[in-house]
Amino acid sequence: MKKLIVIVVNYNEKDNTLAVLKQLNNNKTAVKMTTVVVDNHSSDNSVSEIKKKFPKVILVSNKK
């Protein structure tokens, strides 16, 4: 089985990032996909929303 790692960078773009994650989550292919979100210290509740709605996503939450 093929493997794919998708890295999404976020900074105060909660709605757009959630939309991207939703589309990636709906992907029904034979590829084993891992999704990583790198948040660059957003102030728009991005981190908590991503954790709540996409618990399988690997989330890197930068402090600055």
Side-chain angles (χ1 to χ4, degrees):
M1 178 181 282
K2 294 183 179 185
K3 296 179 183 179
L4 173 68
I5 297 175
V6 177
I7 300 172
V8 179
V9 178
N10 179 61
Y11 178 68
N12 289 329
E13 288 291 335
K14 175 179 63 178
D15 293 336
N16 289 332
T17 301
L18 291 174
V20 167
L21 293 175
K22 182 178 178 183
Q23 288 299 315
L24 290 172
N25 196 47
N26 289 336
N27 182 21
K28 306 294 184 215
T29 64
V31 175
K32 178 173 171 46
M33 184 168 53
T34 301
T35 306
V36 178
V37 175
V38 178
D39 181 80
N40 288 321
H41 199 62
S42 295
S43 61
D44 66 349
N45 273 350
S46 294
V47 172
S48 62
E49 286 294 310
I50 293 166
K51 282 181 182 178
K52 181 170 69 173
K53 294 183 178 179
F54 299 96
K56 292 183 180 179
V57 167
I58 297 169
L59 182 60
V60 178
S61 181
N62 291 323
K63 299 300 177 194
K64 57 180 181 174

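When a residue number appears, it is its place in the shown sequence, counting from 1.
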Query - Where at least one partner belongs to residues 55-64, residue pairs that pass salt bridge (charged side-chain N to carboxylate O under 4.0 Å, His left out), sequence neighbours excluded - result: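 Found none.
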
Transitively linked via ILVMFWY side-chain contacts under 4.5 Å: [X] with [Y]?
{"X": "Val20", "Y": "Val38", "value": "no"}
{"X": "Val36", "Y": "Val57", "value": "no"}
{"X": "Val60", "Y": "Val9", "value": "no"}
{"X": "Ile5", "Y": "Val37", "value": "no"}

Query raised in the report: Where is the tightest heavy-atom contact between Phe54 and Asn25, given as atom of each residue plus distance?
Result: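 Heavy-atom minimum between the residues: CE2-CB, 4.1 Å.
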
Query raised in the report: Any idea which heavy atoms bring Thr35 and Leu21 closest together, and the distance?
Result: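 In terms of heavy atoms, the two residues are closest at CG2-CD2, 3.6 Å.
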
Give the table of side-chain donor-acceptor pairs shorter than 3.5 Å for residues 44-53, with sequence neighbours excluded, one pair per line with atom names and distance.
unit_1 : atom_1 : unit_2 : atom_2 : d
Asp44  : OD1    : Ser46  : N      : 3.2
Asp44  : OD1    : Ser46  : OG     : 2.4
Asp44  : OD2    : Glu13  : N      : 3.3
Asp44  : OD2    : Lys14  : N      : 3.1
Asp44  : OD2    : Ser46  : OG     : 3.2
Ser46  : OG     : Asn10  : ND2    : 3.1
Ser48  : OG     : Asn45  : O      : 3.1
Glu49  : OE1    : Lys53  : NZ     : 3.3
Glu49  : OE2    : Lys52  : NZ     : 3.4

Query raised in the report: Is the backbone of Ser61 close enough, under 3.5 Å, to the side chain of Asp39 for a donor and an acceptor to pair up by distance?
Result: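 Answer holds: no.
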
Requested in this report: Mind checking the OG1-CD1 spacing from Thr34 to Ile7? Nearest 0.5 Å is all I need.
Outcome: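 The CD1 atom of Ile7 is 10.5 Å from OG1 of Thr34, to the nearest 0.5 Å.
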
